[in-house]
2 protein chains.
Amino acid sequence: MPPQGRRRRPTQVDIARHAGVSQATVSLVISGGAASDQIAESTRQAVLAAAAELGYSANVAARSLKGGRNHLLGLYTFEPVFPTDQRDFYYPFLLGVEEETAAQGYDLLLFSSVSSAADRSIYAGGANRLKLADGCVLLGRNVRREELNALVQEDFPFVFIGRREVDDGEVSYVGADYVAATSAMVAELHRQGHRRILYLRAIEDTEPTRDREQGYRKGLAAAGLEVDERLIQGLADPADLSAEHVLHWIGNYGVTAILVEPTEDNRLVDALTAMTDSERVRFPEDCSIALLGEPPSWTPELRDWTRFSLPRADMGRAAVGMLVGLLGEAQPAARQLTIPCTFVPGDSIGPAPRGGRP
Amino acid sequence: MPPQGRRRRPTQVDIARHAGVSQATVSLVISGGAASDQIAESTRQAVLAAAAELGYSANVAARSLKGGRNHLLGLYTFEPVFPTDQRDFYYPFLLGVEEETAAQGYDLLLFSSVSSAADRSIYAGGANRLKLADGCVLLGRNVRREELNALVQEDFPFVFIGRREVDDGEVSYVGADYVAATSAMVAELHRQGHRRILYLRAIEDTEPTRDREQGYRKGLAAAGLEVDERLIQGLADPADLSAEHVLHWIGNYGVTAILVEPTEDNRLVDALTAMTDSERVRFPEDCSIALLGEPPSWTPELRDWTRFSLPRADMGRAAVGMLVGLLGEAQPAARQLTIPCTFVPGDSIGPAPRGGRP
DNA sequence: ATCTCCACTTCATACGTATTAGGGATCGTG
DNA sequence: CACGATCCCTAATACGTATGAAGTGGAGAT
């Protein structure tokens with residue numbers, strides 16, 4: 001006996017019975033594809049009427065099990081986006097993804113059910129949850145490498161927002177051109193007379209960090225400057241950045257400018273603001289400083305730090321466009337797209353101080 | 001011949017063959033449920049080893065096909081949320097919905113694939129798209145009544161954010177208490193000496209508007225004031241609100257205070273700002289003014305209008321909680337929940353001018 | 001009248017998993 | 001030795017859809 005509490009949702013079989021045809025006919029009418037013009041108009045109408053009357057809607061699971069498309073794109077983030085202050089950073093990506101998904105005629109499936117950080121796994125419960133969607137956009141800094149590898153091995157169609165690499169195989173991505181942007185930032189500082197430029201990088205060795213370092217070295221080379229490895233400093237937590245640090249670098253290394261890699265949250269900006277407020281070191285009079293990226297949100301009362309900004313919504317849109325492209329191909333090959341960043345002049349860099357160490 | 005381009009992912013059958021057991025045994029081991037302690041330890045290990053070696057991951061589609069539920073909650077908005085400036089209004093709802101959805105262990109399906117306003121129908125394509133999800137949260141002001149009716153008839157589980165009524169049957173909703181909030185606003189104005197209070201309502205006769213009007217009448221009654229029907233004015237577009245209007249009301253009707261129903265976009269605030277800038281009428285010196293709700297986003301440089309604000313994220317969370325509750329019931333009955341609004345004092349109301357008409 | 005052809009519809013099956021009823025050993029017991 | 005009991009496993013089936021093959025009936029041709 002079927003459960004009588006919640007009425008079972010109607011299936012194609014129900015419609016078929018109701019309209020006096022076979023389930024196969026219903027399928028042909030509903031999915032409306034190539035073979036559907038084989039159906040007589042009267043039959044088609046009868047089926048549609050029955051479907052409307054019974055309130056039919058296709059079962060996604062069955063459809064995608066069969067191998068067909070269900071017109072869902074997934075969005076999966078490796079970090080929790082919504083509850084934290086990171087959301088200000090990720091929201092523009094989401095916007096772009098959402099917008100383009102709608103424009104392409106897909107619906108968006110937000111993978112978010114995680115009870116704890118440990119559960120934040122694509123393969124939670126032994127299953128690749130992403131497979132519910134036709135393809136997936138991935139996002140986030142703290143990638144689980146083994147999962148990314150597995151995804152590539154399964155060759156599930158996905159596009160990463162941000163450049164990513166895996167050991168074997170290639171990842172499709174839409175990335176920001178950190179190399180060029182960082183290099184340009186070095187060039188600008190060099191133009192203003194700086195010769196001792198410190199690069200403050202994240203500890204983790206992720207692609208975005210590697211790209212910035214590469215841009216730093218490239219920029220120095222282009223300017224004809226030597227790389228002093230002591231000027232590449234790792235910082236576990238940008239909140240640790242203090243006036244003491246900066247004064248030490250100025251005094252001991254002759255540093256006149258600092259490039260800082262920001263985080264997706266507000267820690268870096270908070271640290272900078274604290275430093276400014278302490279008035280122990282002035283930017284850019286004592287030292288120029290520029291951000292290799294853009295903190296989450298920019299409110300007008302915040303200081304206009306020199307930086308470059310990512311076209312986040314554009315990247316989201318481009319990722320969806322690429323994904324839909326991949327889905328259309330029989331033998332999809334990985335694609336890569338790099339989008340330039342925008343230089344934001346700001347007011348935290350200036351000419352190198354004259355009194356610097358020679 | 002299997003397609004060699006996209007390699008087929010291993011299934012339980014593959015593992016079974018590999019481990020020399022049956023598919024059923026694999027399923028028992030993998031899903032690990034109640035009956036899995038029936039399996040000999042040696043067999044279990046063999047299966048797990050084979051699964052690991054082949055890189056098995058369960059197929060969600062098949063799993064949820066078998067089970068009926070797919071652990072998806074839908075979010076459908078009757079207005080386009082993302083590309084417009086309305087998004088600032090709807091975003092907090094989305095936040096709450098997303099957060100609670102994740103907390104409840106569901107994924108969120110955003111229905112957004114609409115190419116035109118005409119397509120913005122639940123029943124586009126003759127099928128109820130919402131049914132892709134186990135249940136759905138609905139949102140938006142411009143509801144399609146006939147669709148809402150149909151949804152209720154189908155008894156598809158859904159919760160509306162905002163109070164809604166249908167002709168027959170009951171809608172589950174999480175609404176804001178506009179009646180109490182508006183009534184309280186009237187009381188506050190009365191306390192400050194106002195006797196001639198104009199209510200500027202939306203033209204459309206939706207529940208939120210009706211509730212505000214009810215609160216207005218209730219507030220007047222509680223203050224012992226008569227209702228002058230001329231003081232209830234409809235405004236098709238809040239952008240039409242001008243200094244001329246206000247001066248006319250002050251001069252001809254003796255109005256000393258105005259209550260305005262805001263829109264989800266920035267039109268009302270723009271109109272108010274324009275009026276303030278024109279300096280033809282001053283708030284609150286010439287006339288007090290308060291908003292019956294809250295415009296999309298509040299940036300610090302914006303004037304601090306007196307208003308009340310909706311606990312939008314809370315409403316989103318509550319809606320999801322209610323929906324999950326409904327899904328858990330065998331015979332779900334409609335539920336209603338009303339959440340109080342917060343009074344924001346602001347600076348646009350003050351004591352009634354003395355020189356007003358008696 | 002028989003055959004062909006065409007337009008339309010149905011049959012049969014596959015997709016991958018969960019589950020229930022039961023089958024085949026092995027063991028203990030009478 | 002026969003019989004049930006126990007343990008471990010498998011066969012069979014259902015879930016809802018899509019699709020290539022096969023079938024049906026009627027119109028037209030021979």
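Chain naming here is simple, since letters A, B, ... match the order of the sequence lines and numbering starts at 1 in each.
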Task: Whole-Å distance separating the CZ atom of A/Arg44 from the P atom of C/dA7 - done: 16 Å
Open item on the list: Nearest whole Å is fine: how far is D/dT24 P from A/Gln38 CD?
Closed with: 18 Å
- [ ] Mind checking the CZ-OG spacing from B/Arg17 to B/Ser22? Nearest 0.5 Å is all I need.
- [x] 12.5 Å
Task: Test log, rule side chain to side chain contact (heavy atoms under 4.5 Å, CB included), inputs A/Leu108 and A/Leu75 - done: CA-CA 7 Å; A/Leu108 187 62; A/Leu75 175 62; 4.1 Å; yes
Open item on the list: Please determine whether a side-chain nitrogen of the Lys or Arg among A/Arg312 and A/Glu264 lies less than 4.0 Å from a carboxylate oxygen of the Asp or Glu.
Closed with: no
Open item on the list: If you compare all heavy atoms of A/Val171 against all heavy atoms of A/Glu165, which two are closest, and at what distance to 0.1 Å?
Closed with: CG2-C, 4.5 Å
Listing time: all N or O pairs from protein to nucleotides 12-18 of chain C that are below 3.5 Å?
from	atom 1	to	atom 2	distance (Å)
C/dT17	OP1	B/Tyr56	OH	2.4
C/dT17	OP1	B/Asn59	N	3.3
C/dT17	OP2	B/Gln12	N	2.7
C/dA18	OP1	B/Arg63	NE	2.7
C/dA18	OP1	B/Arg63	NH2	3.4
C/dA18	OP2	B/Gln12	NE2	3.2
C/dA18	OP2	B/Ser27	OG	3.0
C/dA18	N7	B/Gln23	NE2	3.3
C/dA18	N6	B/Gln23	OE1	3.1

TODO: Under the side chain to side chain contact (heavy atoms under 4.5 Å, CB included) rule, what do B/Asn149 and B/Asp168 come out as? Steps first, then yes or no, please.
DONE: CA-CA 8 Å; B/Asn149 272 307; B/Asp168 41 23; 4.2 Å; yes
TODO: Step by step, work out the side chain to side chain contact (heavy atoms under 4.5 Å, CB included) result for B/Arg163 and B/Gln336.
DONE: CA-CA 8 Å; B/Arg163 192 176 74 79; B/Gln336 284 90 30; over 6 Å; no
- [ ] Look at the side-chain N and O atoms of A/Thr25 and state whether any lies under 4.0 Å from the OP1 or OP2 oxygen of C/dT10.
- [x] yes
- [ ] Test side chain to side chain contact (heavy atoms under 4.5 Å, CB included) on B/Leu73 and B/Val137 and set out the steps.
- [x] CA-CA 7 Å; B/Leu73 295 187; B/Val137 172; 5.8 Å; no
Task: Difference in axis direction between the ends of the helix from C/dA1-D/dT30 to C/dG30-D/dC1, five pairs, 10° - done: 80°
TODO: Run the ring-centre check on A/Tyr76 versus A/Phe78 and record whether the distance is less than 6.0 Å.
DONE: yes
